[in-house]
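Working notes for the structure below.
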Protein chains: 4
Amino acid sequence: MTTTEAPPARGRPRDERTRVAILDAAAELMLENGVDKVSMDTIAVRAGASKATIYRWWPTKESLALDAVYRQWSAAQAEAEPSGSVRADLVALLTPWSRLAASKPYARVIAALLNAAQSNPDFAVQYRAHFVEPRRERGREILNAAVRDGQVPPDTDIELVLDLLYGPIYHRLLQGHATVDDRFVRGVVDVVCAGLGIS
Amino acid sequence: MTTTEAPPARGRPRDERTRVAILDAAAELMLENGVDKVSMDTIAVRAGASKATIYRWWPTKESLALDAVYRQWSAAQAEAEPSGSVRADLVALLTPWSRLAASKPYARVIAALLNAAQSNPDFAVQYRAHFVEPRRERGREILNAAVRDGQVPPDTDIELVLDLLYGPIYHRLLQGHATVDDRFVRGVVDVVCAGLGIS
Amino acid sequence: MTTTEAPPARGRPRDERTRVAILDAAAELMLENGVDKVSMDTIAVRAGASKATIYRWWPTKESLALDAVYRQWSAAQAEAEPSGSVRADLVALLTPWSRLAASKPYARVIAALLNAAQSNPDFAVQYRAHFVEPRRERGREILNAAVRDGQVPPDTDIELVLDLLYGPIYHRLLQGHATVDDRFVRGVVDVVCAGLGIS
Amino acid sequence: MTTTEAPPARGRPRDERTRVAILDAAAELMLENGVDKVSMDTIAVRAGASKATIYRWWPTKESLALDAVYRQWSAAQAEAEPSGSVRADLVALLTPWSRLAASKPYARVIAALLNAAQSNPDFAVQYRAHFVEPRRERGREILNAAVRDGQVPPDTDIELVLDLLYGPIYHRLLQGHATVDDRFVRGVVDVVCAGLGIS
DNA sequence: CGGTAATCGAGACGGTACGTCATGTCTTACA
DNA sequence: TGTAAGACATGACGTACCGTCTCGATTACCG
């Protein structure tokens, strides 16, 4: 049984340092100024790269923004141990994430990605696959385990519960009408748990 | 006590038909194509107006989008009678609104406004004053009445509850990972009411 | 009898100073560096104009080069009096023109126009209408007059004679294998006149 | 006196088939589309060669164009026997050459070379050494022989006569205001010979 | 036969200019 | 004064070439 060999890789290989420089430059500029206010030229100059090189690997500014921010985003993820308590697990899931999201002007970038996703279904898929689904999946596991344990009734609409958990946090992040802090996250989890009949 | 008379109005008065034509053209084009894909030139041509006239009354494209869409939005509002049941009142508040929001590609425009608001605090205030606060205020009244009635404990964090109600719906509208229908809205209200200890 | 009135001219009129600034900048830069070595951006900056404004009035760099150089070219034209002598008239026609052509690196610009004309029939027509035909026409008049006078046989192929007069001068200008001076021009006219049987 | 031996030739020798493939591809593409419209990438792909290989042997696109077209050009040359008649010898010199030049869009390539030569003295030398001098030299021989024979006065300016012969043909080829056919060539030779006092 | 040296194809890369498009301001004439 | 028409400066866009580079593979000579 032979593993599929990597192809011989003809031609000059992609320069990893350039790739990283572009992503770093994009992330820094976009977080500081917002995606729309940053030009591809500026990113190219900051990265010491060529605009053509950027377009060779990222078709649009938004796809670059997604990769660039996701790089920081995913680097700052820590998995928590399941504790047996649904409430505690949900708080442990949401709190670090909400702290990260509120720690820098990520909301501005998220809003830009969201905006781009509205008119581009392919990009919407990319966006959800990176920023939405992984986090929902973790929540889904916690809730499914709770159903198996009998802590939550078996006819519970898990997807609805996930929206009840993430929706309010996104709401505050994006609309900016109030701050997102640990108290708020705990409050959301408390009401939802109470609503599901969890002690 | 005299009502404040309109000022003498020197020169040619503002043309109301032009104002409406601009708003209509902007709303139609932006709903169909998304705010970013529509240029001010296109709106001007469609409205039979001059670009200078548009900029005279609206400083940015987003402020025009806000006015244009809010005009349709507010025209389609109906106030429901308070029924005595918190749950029923909340459903009566959220359902027509969620139907409206999902009836056309409003989410695309909302996302654009939200995006603009991230980098422009003044516009963020405008946005919230038009699209967020009026609806929250209606919900706030319902919940405050419930507190007065004793249906809800007096230490309830009303703002958090409002986010629990609106957040999930906005979440689905913007992220597009699932549809917003009456069942979903009722589900949200059910869990939240249960969480608050409402029968 | 009413002269055809110019139409009311709606909108902001074209800025004549901008037009002249663009032509001057283009002429100066192109003569100094050659058409190909000058970028539209550079011309725009030098003219204090916008690139978009240039493209609004001139579709290609070559069409701009044509207008710009023709402006200098045509300004430096002086008409000579017919003297009765074909030879003298031809010398009087060709000498000032050849001096002008050799006075600055016009040949470099002409070569660029010629090159562009090879692949663009419409531009070729423009080029000939500006740089070739007016001068040929003057020569044609002289030669036709000579035919009427009987100085030249009536079956003379005028167009061929014109090519015999202009061809050698263009040849030296473009190929650069020898200089174009008054002696050369007179020599060309002498041989051609002798070939036509003119005393 | 020893002929300088080729050096021992270390390393892999140059691939002759590649050289020919590049020249063929360049000639075909440039004649069909014009030098400026053809990119080095396109030539490389058509030739099945690498762009780096092209640049290794030809410093600029124009130098490649020169080699590529000269290859066809020189392959189609036939030497005519001296006949004793100057007029006949000149016609025999110019006619096959003018036929060749007019047989394909060579003028377009010539114009590009000429254009490049205007801004690059070294290339101008190359151009003349390939396309101008060999032909002039043949004409020079004919005319010098005519001087020796006494058919032409000894004080004749041979270079001027050469320009009178080649200039008009180049003029029509490049300016395109009239066709170059055998009649035209014979007409040029006739007038020039008459001008020189040749029967 | 193994090492050294050059050539070659593939293709990534930095850079420059292109020609287009949208924004927001302006200048004119008309209402 | 308000407005339509439309010119204009500004600046970003996304593309196309240029000429250089870095690989791995190839092909000769040379020891």
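Per chain, numbering begins at 1; letters A, B, ... match sequence-line order. Remember, predicted model here, so these are calculated numbers, not experimental data.
- Of all nucleotides listed (E:dG14, E:dG9, F:dA7), E:dG9 comes nearest to the side chain of D:Thr53.
- A close approach under 4.0 Å does occur between a side-chain nitrogen or oxygen of D:Arg56 and OP1 or OP2 of E:dT7.
- One N or O on the side chain of D:Arg108 and one on the backbone of D:Leu31 form a donor-acceptor pair closer than 3.5 Å.
- Residues C:Ala68 and C:Leu23 share a closest heavy-atom pair of CB-O, 3.5 Å.
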| query | Is there a side chain to side chain contact (heavy atoms under 4.5 Å, CB included) between D:Asn120 and D:Glu62 once you walk through the steps? | reply | CA-CA 11 Å; D:Asn120 188 337; D:Glu62 283 73 28; over 6 Å; no

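- We find that CG of A:Asp15 is positioned 13 Å from C1' of E:dG11, with the value rounded to whole Å.
- Protein atom CZ of B:Arg19 is 16 Å distant from nucleotide atom C1' of F:dT3, rounded to whole Å.
- In this structure, D:Trp58 atom CH2 and F:dG19 atom P are separated by 15 Å, rounded to whole Å.
- F:dC21 atom P lies 15 Å from atom CZ of A:Arg17, rounded to whole Å.
- Across the protein-nucleic acid pair, A:Arg10 atom CZ and F:dT26 atom C1' stand 11 Å apart, rounded to whole Å.
- Contact between B:Phe123 and B:Leu113 at its shortest, heavy atoms only, is CE2-O, 3.4 Å.
- Here the CG atom belonging to D:Leu66 is positioned 9.0 Å from the OG1 atom belonging to D:Thr60, to the nearest 0.5 angstrom.
- Contact annotation: B:Trp57 side-chain N/O to F:dG2 OP1/OP2 distance is not under 4.0 Å.
- At distances below 3.5 Å, at least one donor-acceptor pair connects side-chain atoms of A:Gln118 with backbone N or O atoms of A:Leu114.
- Taking CG of C:Asn33 as the reference point, atom CD of C:Glu28 lies at 9.5 Å (rounded to 0.5 Å).
- Salt-bridge annotation for A:Asp24 and A:Arg71: present, with a side-chain N of the basic residue lying under 4.0 Å from a carboxylate O of the acidic one.
- Taking every heavy atom of residues 26-46 of chain B and every atom of DNA chain F, no pair lies under 4.0 Å.
- Remark on DNA chain E: of its neighbouring residues D:Thr18 and A:Gly48, the 5'-side contact belongs to D:Thr18, judged by nearest-heavy-atom nucleotide.
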Hey, what are the protein-to-nucleotides 25-27 of chain E N/O distances that come in under 3.5 Å?
from	atom 1	to	atom 2	distance (Å)
E:dC26	O2	C:Arg12	NH1	3.0

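- Listed for the B:Lys61 side chain is a donor-acceptor partner under 3.5 Å among the backbone atoms of B:Val35.
- Straight-line distance from the CD1 atom of C:Ile54 to the P atom of E:dA17: 14 Å, rounded to whole Å.
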